[in-house]
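Structure first, commentary second.
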Amino acid sequence: MNNCLSSRILRLPHLFLYLLLAFANQAMGAQQATGQASLQTQIRELEQDFKSLSTWFYRDASSYTAISQHSIDDIDRLLAQVQQLEKEDQTTSAIQLMYFNKETIKNNLDHKSVFVFTEILLENNEWNLADTLYRFVYEEGDKSLLPTIQFIFAKYHAERHEWTQVHEVLENIISELSKNDAAYGYLLNGTALQHMKKHRLAVDNYKKVAKDSDYYIYAQLDSAIAHIRQGWWTDAHSTITEILETSGKDNSDELINRLYLVLGYAMLHKEYYRDARDAFRHIALDSRYTNRALLGIGLTATSQGDLVGGLNALTILKNKKTSDLSVDESYLLVPYIYEKLQQEMTVSSSYTEAMDYFQKRIREMDKLTAQHHDFSNADYERATASFVLANNSFDYGRKYPESFINNYRQLITFSATVKDKKLSDEIERLSKRHDVVFQLIIDDLIAQRKKYLRSYLSQAQYGLARLYDNSNEADGQ
């Protein structure tokens, strides 16, 4: 199977990325899929336990500061105080203050503060009080407030990748939201439907986001991705190019860079190499998408016959200090280009370099697996939802919810301020359970990278063997 795949890759370099990733994904097998499902179950269980502990923590008066126990019967003053504490990064005190003045909130359910309070609570996963406020409004308050509160809960579920709940919450309330919230609601519902594999319905939601909305470009990007997944390349192309031409934004905006990246790989897949290359070249040099753009340029330039251009892009990629999949893949493409340039000695040394590189990278992954990774010192990049460990970037957000990270951070905060011994012990136990799952998540991400690296090593070994075979055949003639 490896040899057959390798020969197809060498004949069709423009499909290199897609075929190689498909091969690596198949190699993961059912065992890893089972392991991932188990991890997701553990994360959900920790989420429930965190909710209970969070309520316990905020109800524990022994941890309250003087400002947390400030009795306020004026709702405007309470709102101002809570927002000021938030601004000063004293969120714990802000939530404690809400708990201490719950009756004031209950007596003013028609006030705009209920939205602010609910959002702060859910952003910090204090589910109990947020749910209590919702029930107060549902049972005693102005029913016209419910759609906005439900919308806040929908965003909470989205952060946890609970897409069915997102859709169920939003399905019948979007038309009752404010114009801005409705636009985001359609975007969020479309995202949920895409995760539920209902791409046509997702596109219908994206179409309802108005052009003058802040979320319009995001909706169009997600619509293009839905088109691509359905195989509607023309629709995807026209959607993206229209946005790029009319948005008035340049590549200092990462959303524009992402649009160019999606467009580039869509065009590459359709073998429109000139258009693909042009799209990749529009991506800013300091963008988080630069490495993938360089790989795209290497692929398109090679497919166009511009071997030197392809080699230049891949050489830049090889020299990157932080390793991701694009950097790893560049080592396998370089010897192919040298082969097309008929530089046999360089081809051989490049394959040898690639093999040495992949073996070294596998050893690095083994070393990372053997280590304990301290969460409090882990380098998490929120913009890309990725962890960087020993200059290796791992895509956390593609598989795991950011809420797990936020909960773990909250536990560290709780631990620093808790006074009650029994509660402190429970926080410590839950923190240790989070640590166990965190190590498993990192191990899973490392294991996935090792699967790719082993596949790349196999391809490099085959490429070198094939080169020697061809050389021996030529000598025999």
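Just so you know, these numbers use all the heavy atoms, side chains as well, and skip hydrogens, waters and symmetry mates.
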Donor-acceptor check, side chain of [X] to backbone of [Y], threshold 3.5 angstrom: yes or no?
X: T118; Y: V114; value: yes
X: N101; Y: T104; value: no
X: Q439; Y: H373; value: yes
X: S455; Y: K451; value: no
X: S431; Y: I427; value: yes

Considering the options R429, K421, K422, which one meets the side-chain hydrogen bond (donor to acceptor under 3.5 Å, both in side chains) requirement together with D425?
K421

For a side-chain hydrogen bond (donor to acceptor under 3.5 Å, both in side chains) with Q84, tell me which candidate from E86, K87, E88 qualifies.
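Exactly one option meets the side-chain hydrogen bond (donor to acceptor under 3.5 Å, both in side chains) with Q84, and it is E88.
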
Between V418 and F414, is the side chain to side chain contact (heavy atoms under 4.5 Å, CB included) condition met? List the steps.
CA-CA 6 Å; V418 68; F414 290 169; 5.6 Å; no

Check whether any side-chain heavy atom of [X] sits under 4.5 Å from a side-chain heavy atom of [Y], and report yes or no.
X: D73; Y: N107; answer: no
X: L389; Y: D379; answer: no
X: M365; Y: L368; answer: yes
X: D49; Y: L53; answer: no
X: L244; Y: I256; answer: yes
X: K399; Y: L39; answer: no
X: L145; Y: F115; answer: yes
X: I446; Y: R449; answer: no

Would you tell me whether [X] and [Y] have side-chain atoms, one donor and one acceptor, within less than 3.5 Å of each other?
X: Y400; Y: D444; answer: yes
X: Y357; Y: D328; answer: yes
X: E159; Y: N406; answer: yes
X: N392; Y: R361; answer: yes
X: E254; Y: Y289; answer: no
X: N407; Y: Q410; answer: no
X: D76; Y: H111; answer: yes
X: S287; Y: T290; answer: no
X: S62; Y: D60; answer: yes
X: Q448; Y: D395; answer: no
X: S54; Y: E126; answer: yes

Partner of Y206 by side chain to side chain contact (heavy atoms under 4.5 Å, CB included), out of T191, L221, N189, L201:
T191

Trace of the side chain to side chain contact (heavy atoms under 4.5 Å, CB included) decision for I405 with F438
CA-CA 9 Å; I405 295 171; F438 178 66; 6.0 Å; no

Can you see which heavy atom on [X] is nearest to which on [Y], and at what distance?
X: T300; Y: I297; answer: OG1-O, 3.1 Å
X: N291; Y: S326; answer: O-CB, 3.7 Å
X: N251; Y: I283; answer: ND2-C, 3.9 Å
X: A202; Y: Q194; answer: CB-CG, 3.5 Å
X: Q96; Y: S63; answer: NE2-O, 3.7 Å
X: L188; Y: A158; answer: CD1-CB, 3.9 Å

Within 45° cone and under 6.0 Å: R160 NZ/CZ vs Y156 ring:
yes

Heavy-atom count around Y396 OH within 6.0 Å, excluding the residue itself: above 12?
yes

Exceeds 12 heavy-atom contacts within 6.0 angstrom, atom NZ of K143
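Counting other residues, nucleotides and ligands, NZ of K143 exceeds 12 neighbours.
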
Salt bridge [X]-[Y], side-chain N to carboxylate O under 4.0 Å:
X: E47; Y: R44; answer: no
X: D420; Y: R59; answer: no
X: K208; Y: D204; answer: no

Passes side chain to side chain donor-acceptor pair (under 3.5 Å), N180 versus S178? Steps please.
CA-CA 6 Å; N180 191 59; S178 68; 5.9 Å; no

Got a second to check how far [X]'s [atom1] is from [Y]'s [atom2], nearest 0.5 Å?
X: R277; Y: L268; atom1: CZ; atom2: CG; answer: 12.0 Å
X: D181; Y: I173; atom1: CG; atom2: CD1; answer: 9.5 Å
X: Y58; Y: N128; atom1: OH; atom2: CG; answer: 12.0 Å
X: E119; Y: T148; atom1: CD; atom2: OG1; answer: 10.5 Å
X: T384; Y: R398; atom1: OG1; atom2: CZ; answer: 13.5 Å
X: R288; Y: S386; atom1: CZ; atom2: OG; answer: 9.5 Å

Suppose we call two aromatic rings close when their centres sit under 6.0 Å apart. Are W127 and F153 close by that rule?
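Centroid separation for W127 and F153: below 6.0 Å.
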
Under the side chain to side chain contact (heavy atoms under 4.5 Å, CB included) criterion, do L146 and Y134 qualify, and how do the steps go?
CA-CA 8 Å; L146 288 174; Y134 172 78; 3.6 Å; yes

Where does the angle between the aromatic ring planes of [X] and [Y] fall among parallel (under 30°), tilted (30 to 60°) and perpendicular (over 60°)?
X: Y408; Y: F375; answer: parallel
X: Y218; Y: Y215; answer: tilted
X: H269; Y: W233; answer: parallel
X: H282; Y: Y260; answer: parallel

For H161, all residues meeting ring-ring contact (aromatic ring centres under 6.0 Å, His included), sequence neighbours excluded
W163

Which residues pass the ring-ring contact (aromatic ring centres under 6.0 Å, His included) test with F280, sequence neighbours left out?
Y265

Start with the C-alpha distance between Q42 and S38, add both sets of side-chain angles, then the distance that settles side chain to side chain contact (heavy atoms under 4.5 Å, CB included), and finish with yes or no.
CA-CA 6 Å; Q42 291 182 65; S38 175; 3.5 Å; yes

